[in-house]
Protein chains: 2
Amino acid sequence: MSPETAKSLETKTKLLDGALRTLTEQGIAKTSARTVAAAAGVNQALVFYHFGSVDELLAAACRYGAERTVARYRPRLAAVTSLSELLTVGREIHEQERAGGHVALLGQLLAGAQTHETLGPATAAGLDLWIVEIEKVLTRVLAATPLGEFAGPAGLARAVAASFVGIELYEGVDATGATAALDALEQLGFVIGALEQLGPVAQRAVRHHLRRTSRR
Amino acid sequence: MSPETAKSLETKTKLLDGALRTLTEQGIAKTSARTVAAAAGVNQALVFYHFGSVDELLAAACRYGAERTVARYRPRLAAVTSLSELLTVGREIHEQERAGGHVALLGQLLAGAQTHETLGPATAAGLDLWIVEIEKVLTRVLAATPLGEFAGPAGLARAVAASFVGIELYEGVDATGATAALDALEQLGFVIGALEQLGPVAQRAVRHHLRRTSRR
DNA sequence: GTCTATACATGGATAGAC
DNA sequence: GTCTATCCATGTATAGAC
């Protein structure tokens with residue numbers, strides 16, 4: 001791994017951007033030192049000089065890309081105060097990131113992580129950046145809701161993040177199906193939101209029912 | 001594409017099984033005519049003789065594998081009559097298929113479908129086998145629930161299928177995180193289930209709230 | 001320290017042997 | 001009709017030029 005001179009940094013950045021472009025446009029199966037270097041406009045061997053191996057480049061690109069994308073939405077997520085507002089922001093993120101493919105990218109890396117050992121931890125870390133933000137919002141938003149008590153924001157945040165990745169991959173093969181899925185989840189969110197609006201008697205009924213049937 | 005003599009069929013079957021094994025064990029990135037043929041125990045060139053190209057073999061393997069796996073759970077899903085029962089069956093499917101990797105396989109194919117043109121429709125078709133079954137169950141189970149009215153089983157089924165794939169991929173890089181996610185979704189299901197148990201007054205309140213805030 | 005030329009491995013596809 | 005030997009493209013990695 002090379003030191004941080006100005007020239008080195010420039011080439012590294014080119015390679016990182018090239019890796020992200022290649023992963024989103026061609027997928028993990030077509031991502032190689034050659035294809036990435038071509039996208040970056042540099043010699044193929046520089047991948048190995050600057051990052052040691054293709055996998056390590058992809059791992060670095062994952063951290064780099066995920067941090068950059070999450071940073072873009074951190075302030076907006078921090079401002080969310082209700083579940084329906086969260087759903088709106090979620091839909092917004094989907095619309096904006098679909099074009100750039102920044103979410104499907106995590107899907108490509110998750111698929112690749114199956115074999116490429118070094119990729120697993122890096123991808124988990126990239127997803128965690130999203131999970132941390134989602135969990136913070138859910139903790140705030142679901143505090144008063146039966147969900148906050150029974151499901152727990154930590155698990156829900158992981159479910160939301162992983163599901164999002166799955167739907168984003170699904171969109172690649174069936175765009176209208178993916179839209180239907182997102183619409184349904186939005187409505188599901190409204191139904192959960194409706195629980196907050198119930199009177200105290202009904203809320204107690206729900207909680208009582210949950211305490212009886214819940215398994216944990 | 002070769003005709004259906006006994007010997008041809010045998011080689012084809014070997015290749016299909018080899019493709020499934022390679023995809024689940026090595027991932028889409030390491031899946032090639034050579035690796036698949038090695039897993040199948042046949043000469044590499046037979047991929048091209050029997051299926052024309054690697055992509056077409058993978059597409060065929062997707063149909064083959066998905067049909068076989070879905071068939072295994074079709075009767076059990078058909079017997080489901082409540083949401084909580086559906087959740088139990090879902091968890092069962094997860095436990096049983098995790099070992100074989102039959103769900104993550106769809107993730108690998110979704111990742112690969114990004115570029116391999118022929119793979120997209122085949123993967124969508126494979127996912128649809130699951131979606132059809134899930135949708136039938138949801139239609140039955142959610143008929144009486146606000147979700148049936150507002151979200152619609154078609155969209156929900158697609159959301160469930162895609163989310164499952166995402167979580168299954170996520171499990172590859174963070175097993176405990178994936179378990180937390182599944183637990184949370186199970187609890188979410190119980191909360192939805194609790195809505196069914198509400199008295200008519202509370203049910204009307206929920207529906208009224210939804211009609212006001214719903215966007216469609 | 002940075003990068004290019006080059007060696008060696010793996011993958012895709014076909015001409016022709018059986 | 002079924003399969004093998006072989007060719008060329010692509011991928012990984014390094015020795016050595018600048």
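The sequence lines fix the lettering, A, B, ..., with proteins before strands; numbering per chain opens at 1.
Look at B:E10 and B:K7 and you find no salt bridge, because none of the NZ, NE, NH1 or NH2 atoms lies under 4.0 Å from a carboxylate O. At a threshold of 4.0 Å, the pair A:E25-A:K30 does not count as salt-bridged, since none of the basic side-chain nitrogens sits closer than that to a carboxylate oxygen. A salt bridge links B:R68 to B:D17: one of the charged nitrogens lies within less than 4.0 Å of a carboxylate oxygen.
Taking 4.0 angstrom as the limit, A:T35 places none of its side-chain polar atoms (N or O) nearer than this to OP1 or OP2 of D:dT10.
Atom CD in B:E10 sits roughly 12 Å away from atom P in D:dT2 (whole-Å rounding). Between B:L9 atom CG and D:dG1 atom C1' there is a gap of 15 Å when expressed in whole angstrom units. If you measure from atom CD of B:Q26 to atom P of C:dG11, you get 10 Å, rounded to the nearest angstrom. When rounded to the nearest whole Å, the span between CG of A:L58 and P of D:dT12 equals 9 Å. Here D:dG11 presents its C1' atom at 13 Å from CG of A:D55, a figure rounded to the nearest Å. What separates CZ of A:F48 from C1' of D:dA13 is a distance of 6 Å, to the nearest Å.
B:V54 comes within contact range of the sugar-phosphate backbone alone, with a heavy-atom separation under 4.0 Å but no base atom that close.
Applying the salt bridge (Lys or Arg N to Asp or Glu O under 4.0 Å) test to residues at least two apart or on different chains, the pairs with a partner in residues 57-67 of chain A are A:E67-A:R74.
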Report task. Let me see the working for B:K14 and B:H50 under side-chain contact (heavy atoms from CB on, under 4.5 Å), right down to the final yes or no. Result -> CA-CA 11 Å; B:K14 277 188 197 166; B:H50 286 291; over 6 Å; no

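The line from CG of B:L46 to OG1 of B:T11 is 6.5 Å long, rounded to the nearest 0.5 Å. The CD atom of B:Q108 lies 11.0 Å from the CG atom of B:L119; values are rounded to the nearest 0.5 Å.
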Kindly give the atom pairs (protein nitrogen or oxygen, nucleotide nitrogen or oxygen) under 3.5 Å for nucleotides 3-6 of chain C.
from: C:dC3; atom 1: OP1; to: A:T11; atom 2: OG1; distance (Å): 3.3
from: C:dC3; atom 1: OP2; to: A:T11; atom 2: OG1; distance (Å): 3.2
from: C:dC3; atom 1: OP2; to: A:H50; atom 2: NE2; distance (Å): 3.1

Hey, what are the protein-to-nucleotides 16-18 of chain C N/O distances that come in under 3.5 Å?
none

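Counted by atom type alone, A:E168 and A:H94 present one or more donor-acceptor pairs between their side chains at under 3.5 Å. A donor and an acceptor atom, one from each side chain of B:S32 and B:T35, are located under 3.5 Å apart.
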